[in-house]
J.: 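My structure is below; once you've seen it, I'll send some questions.
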Amino acid sequence: MGKIKQKAVTVLCVALLFLPWTILPLRGFSWALESPVAEVLIAGYALFMIGSGVFAAAVYWKGGVRNGWMKICLVVDGMYAAAGVAVLAMML
């Protein structure tokens with residue numbers, strides 16, 4: 001993978017670290033607390049967190065992007081993915 005692609009993927013992974021926190025302002029709206037919207041919203045965020053964890057792991061291990069930022073992204077996205085799996089398991 002070229003240097004430009006490595007930087008682009010690193011920037012993308014860093015941006016993906018902050019997206020799961022956008023659920024907090026969304027939960028402030030009354031429509032986000034009503035069923036079935038709440039379940040769909042939470043399941044969507046859980047699937048996104050799992051996907052970003054898988055993406056970070058694939059980029060780190062298969063893509064060979066092993067800089068300091070990617071190490072942080074791998075750990076944090078791994079925790080997000082584990083939390084997403086736990087949330088989906090609780091919903092079933």
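Note that this is a predicted model, so its numbers are computed, not measured.
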J.: Is there any side chain to side chain donor-acceptor pair (under 3.5 Å) pair reaching into residues 78-87, and which pairs are they, with sequence neighbours excluded?
T.: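 Found Trp21-Tyr80.
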J.: In the single-linkage hydrophobic clustering (I, L, V, M, F, W, Y; side-chain heavy atoms under 4.5 Å), do Ile23 and Val40 co-cluster?
T.: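 Different hydrophobic clusters.
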J.: Would a hydrophobic clustering, with Ile, Leu, Val, Met, Phe, Trp and Tyr connected at side-chain separations under 4.5 Å, put Val9 with Leu19?
T.: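 Yes, it is one cluster - the side chains of Val9 and Leu19 are joined through contacts under 4.5 Å.
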J.: Hey, can you pull the donor-acceptor pairs under 3.5 Å for the side chains in residues 30-39, sequence neighbours left out?
T.:
residue	atom	partner	partner atom	Å
Ser35	OG	Glu39	OE1	3.0
Ser35	OG	Glu39	OE2	3.1

J.: Which residues pass the ring pair (Phe, Tyr, Trp, His ring centres under 6.0 Å) test with Phe18, sequence neighbours left out?
T.: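 By the ring pair (Phe, Tyr, Trp, His ring centres under 6.0 Å) rule, Phe18 matches no residue at all.
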J.: Identify every side-chain donor-acceptor pair in residues 83-92 under 3.5 Å, counting partners at least two apart or on other chains, and give the distances.
T.:
none

J.: With a 6.0 Å cut-off (strictly less than), is the heavy-atom count around CG of Leu24, excluding the residue itself, greater than 12?
T.: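 Count over threshold, so yes.
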J.: Could you pull out all donor-acceptor pairs under 3.5 Å where a side-chain atom in residues 48-65 meets a protein atom, sequence neighbours excluded?
T.:
residue	atom	partner	partner atom	Å
Ser52	OG	Phe48	O	3.3
Ser52	OG	Met49	O	3.0

J.: Distance-only check: which donor-acceptor pairs under 3.5 Å involve side-chain atoms of residues 67-74, not counting sequence neighbours?
T.:
residue	atom	partner	partner atom	Å
Asn67	OD1	Trp69	N	3.3
Asn67	OD1	Met70	N	2.8
Asn67	ND2	Thr10	OG1	3.2

J.: Test of understanding: clusters of I, L, V, M, F, W, Y form through side-chain heavy atoms closer than 4.5 Å, transitively. Do Ile42 and Leu26 belong to the same one?
T.: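 Yes; Leu26 is reachable from Ile42 via cluster members.
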